[in-house]
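Below: one structure, written as structure tokens.
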Amino acid sequence: MNEARPVSSNQHGPHEDTVAVVERHLGSAFKKPFQEHNLRAFEDINAQVEDWNGPIILDSCCGVGESTAKLAEQHPDAMVIGIDKSAHRLARHSHYQNNEKGQRYWIVRADLIDFWRLANQANWTLEKHCILYPNPWPKASHLSRRWHGSPVWKDVVELGGHLHMRSNWSLYLLEVTQALMVSGCQAQVSLVKNDEEIMTPFERKYKASGQPLWQLDADLSKET
């Protein structure tokens, strides 16, 4: 396995435009047309969600699905849905399936820019939302490519639930904390403990290279 390099960025702190960008997106409508394959993928899984009366856990950017399988094992009473846009990565997820404990989960190929908006429009309310590695776009000019700098960020917030993010770049999560504050939510950033279960191949690679790993937790509950 190749050694994982620490994130290198020309930023020395949270991006100075984070607050203004998030405020602008929260106050405007995102009118990008939905792609047909994303609509079909959402309709298929939404039919399952409509027949489900229990908690829903979303594993966004699930990659090969290792984290999705582990979340299903940790939450056997929940409907766990892993989303990734890469057919190549999703084709490898069966390696992590383990039905010995009877857990079930769903893997969906879709672009999250469409999927999150469709889920919000369908009034999904999540119990937990995981967005794990990798995530940066480390150049200062990349702010709009980071999830919290995208117009779809407000849909992430409105989907609710407990948001759990992990990264090997603490500055990224500090920016997310700013974005959440603008969105009316509080977040905490902390180091991932050494005894925490490794959730993804990227996390395993970063940990093996000795990098500090960070996590963000926030309550995005829709209750007032």
Side-chain angles (χ1 to χ4, degrees), residues 4 7 30 32 34-35 37-38 41-42 45 56-72 74-75 78-97 105-120 124 126-138 142-173 175-177 179-180 187 189 192 196-207 211 213-218 220:
V7 176
F30 187 26
K32 180 179 180 293
F34 296 114
Q35 294 183 304
H37 71 276
N38 291 327
F42 179 77
I45 193 64
I56 301 170
I57 296 175
L58 198 61
D59 183 22
S60 295
C61 308
C62 70
V64 297
E66 178 178 2
S67 53
T68 313
K70 288 182 175 179
L71 285 166
Q74 295 168 4
H75 304 275
M79 180 177 184
V80 180
I81 305 169
I83 313 292
D84 201 278
K85 66 180 181 180
S86 169
H88 174 70
R89 288 192 291 266
L90 292 181
R92 297 166 54 200
H93 88 271
S94 60
H95 174 71
Y96 299 101
Q97 287 182 309
Y105 59 88
W106 288 256
I107 295 290
V108 179
R109 183 191 176 195
D111 191 317
L112 286 161
I113 290 177
D114 281 357
F115 193 93
W116 283 337
R117 289 187 292 154
L118 290 165
N120 192 21
W124 284 23
L126 304 180
E127 177 173 280
K128 185 171 185 176
H129 189 178
C130 293
I131 308 176
L132 306 176
Y133 321 81
N135 35 41
W137 289 108
H142 289 164
L143 175 62
S144 63
R145 301 185 185 185
R146 302 171 194 162
W147 290 128
H148 55 280
S150 163
V152 79
W153 176 249
K154 64 181 178 181
D155 294 283
V156 174
V157 175
E158 291 175 2
L159 283 169
H162 177 98
L163 177 65
H164 181 73
M165 303 177 71
R166 291 189 184 181
S167 179
N168 61 329
W169 191 30
S170 59
L171 191 152
Y172 174 83
L173 295 184
E175 277 189 8
V176 175
T177 300
L180 287 167
V189 175
V192 176
E196 285 277 351
E197 182 176 16
I198 292 175
M199 296 296 290
T200 77
F202 277 104
E203 183 170 37
R204 186 174 295 109
K205 187 175 182 178
Y206 298 149
K207 187 173 183 178
Q211 297 183 39
L213 305 178
W214 302 87
Q215 61 188 4
L216 176 147
D217 291 281
L220 309 187

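Computed from a predicted model, the values in this text were never measured in an experiment.
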Worksheet item: Can you tell me how far CG of L163 sits from CG of L220, rounded to the nearest 0.5 angstrom?
Response: 5.0 Å
Fill in: From CA spacing to verdict: side chain to side chain contact (heavy atoms under 4.5 Å, CB included), K207, V192
CA-CA 10 Å; K207 187 173 183 178; V192 176; over 6 Å; no
Worksheet item: Is M165 close to L132 at the side-chain level, that is, under 4.5 Å between some pair of heavy atoms?
Response: no
Worksheet item: Are any of the side-chain heavy atoms of I56 and E127 separated by less than 4.5 Å?
Response: no
Practice prompt. Mind checking side-chain contact (heavy atoms from CB on, under 4.5 Å) for Q211 and listing every partner two or more places apart, or none if nothing turns up?
Written response: A4, P6, N168, Y206, S209
Discussion item. What I want to check is whether the side chains of E175 and H148 have a donor and an acceptor closer together than 3.5 Å.
Written reply: yes
Worksheet item: Rounded to the nearest 0.5 Å, how far apart are OG of S170 and CH2 of W214?
Response: 5.0 Å
Worksheet entry | Atom of A72, atom of V80 and distance for their closest heavy-atom approach | CA-CG2, 3.8 Å
Discussion item. Any heavy-atom pair between the side chains of F34 and I113 that's under 4.5 Å?
Written reply: no
Fill in: Residues which pass side-chain hydrogen bond (donor to acceptor under 3.5 Å, both in side chains) with H75, listed by chain and number, not counting sequence neighbours
none
Discussion item. Between Y105 and D59, is there a side-chain heavy-atom distance shorter than 4.5 Å?
Written reply: no
Practice prompt. Report yes if the side chains of C62 and L90 come closer than 4.5 Å at any heavy-atom pair, otherwise no.
Written response: yes
Fill in: Chi angles and distances behind the side chain to side chain contact (heavy atoms under 4.5 Å, CB included) call for C61, I83
CA-CA 6 Å; C61 308; I83 313 292; over 6 Å; no
Response to the item:
Sorted by chain and residue number, the side-chain contact (heavy atoms from CB on, under 4.5 Å) partners of A187 (sequence neighbours excluded) come out as T177, L180, L216, A218
Worksheet item: At their closest point, which heavy atom of G65 faces which heavy atom of I107, and how far apart are they?
Response: CA-CD1, 4.4 Å
Practice prompt. State the CZ-CZ distance between F202 and R166, to the nearest 0.5 angstrom.
Written response: 15.5 Å
Worksheet item: For D155, what residues pass the side-chain hydrogen bond (donor to acceptor under 3.5 Å, both in side chains) criterion, not counting sequence neighbours?
Response: N120
Worksheet item: Does NZ in K85 sit with more than 12 non-hydrogen atoms of other residues, nucleotides or ligands closer than 6.0 Å?
Response: no
Practice prompt. Could you list the residues that satisfy side-chain hydrogen bond (donor to acceptor under 3.5 Å, both in side chains) with D111, not counting sequence neighbours?
Written response: none
Worksheet, complete the sentence: All heavy atoms of V152 vs all of F30, minimum pair found to be N-CD2, 4.2 Å
Discussion item. I want to check something: taking the side chain as every heavy atom from C-beta on, are I81 and I57 in contact at a cut-off of under 4.5 Å?
Written reply: no
Fill in: F42: ring-ring contact (aromatic ring centres under 6.0 Å, His included) partners, not counting sequence neighbours
F115, W124
Practice prompt. For side chain to side chain contact (heavy atoms under 4.5 Å, CB included), just list the numbers for K205 and T200, CA-CA rounded to whole Å, side-chain angles, deciding distance to a tenth of an Å, and then say yes or no.
Written response: CA-CA 9 Å; K205 187 175 182 178; T200 77; over 6 Å; no
Worksheet item: Taking atom types as modelled, is there a side-chain donor on Q215 or E196 under 3.5 Å from an acceptor on the other?
Response: no
Fill in: Contacts of type salt bridge (Lys or Arg N to Asp or Glu O under 4.0 Å), residue R117, not counting sequence neighbours
D114
Fill in: Set of residues satisfying ring-ring contact (aromatic ring centres under 6.0 Å, His included) with respect to W137, sequence neighbours excluded
H142
Practice prompt. Kindly determine whether E66 and R204 satisfy side chain to side chain contact (heavy atoms under 4.5 Å, CB included), including the steps that lead there.
Written response: CA-CA 11 Å; E66 178 178 2; R204 186 174 295 109; 2.5 Å; yes
Response to the item:
Taken in chain and number order and not counting sequence neighbours, the residues that satisfy side-chain contact (heavy atoms from CB on, under 4.5 Å) with S60 are L58, L112, W116, H129, I131
Worksheet entry | Derivation and outcome, salt bridge (charged side-chain N to carboxylate O under 4.0 Å, His left out), residues E158 and K154 | CA-CA 6 Å; E158 291 175 2; K154 64 181 178 181; over 6 Å; no
Discussion item. Are I45 and W106 packed together at the side-chain level, in the sense that at least one heavy-atom pair is separated by less than 4.5 angstrom?
Written reply: yes
Practice prompt. Taking the side chain as every heavy atom from C-beta outward, state whether S150 and R145 have any pair of such atoms under 4.5 Å apart.
Written response: no
Worksheet, complete the sentence: Between S86 and R109, the two heavy atoms sitting closest are C-NE, 4.5 Å
Worksheet item: Which residues pass the side-chain hydrogen bond (donor to acceptor under 3.5 Å, both in side chains) test with H37, sequence neighbours left out?
Response: none
Practice prompt. Kindly write out the residues that satisfy side-chain contact (heavy atoms from CB on, under 4.5 Å) with S144, not counting sequence neighbours, or none if the list is empty.
Written response: none
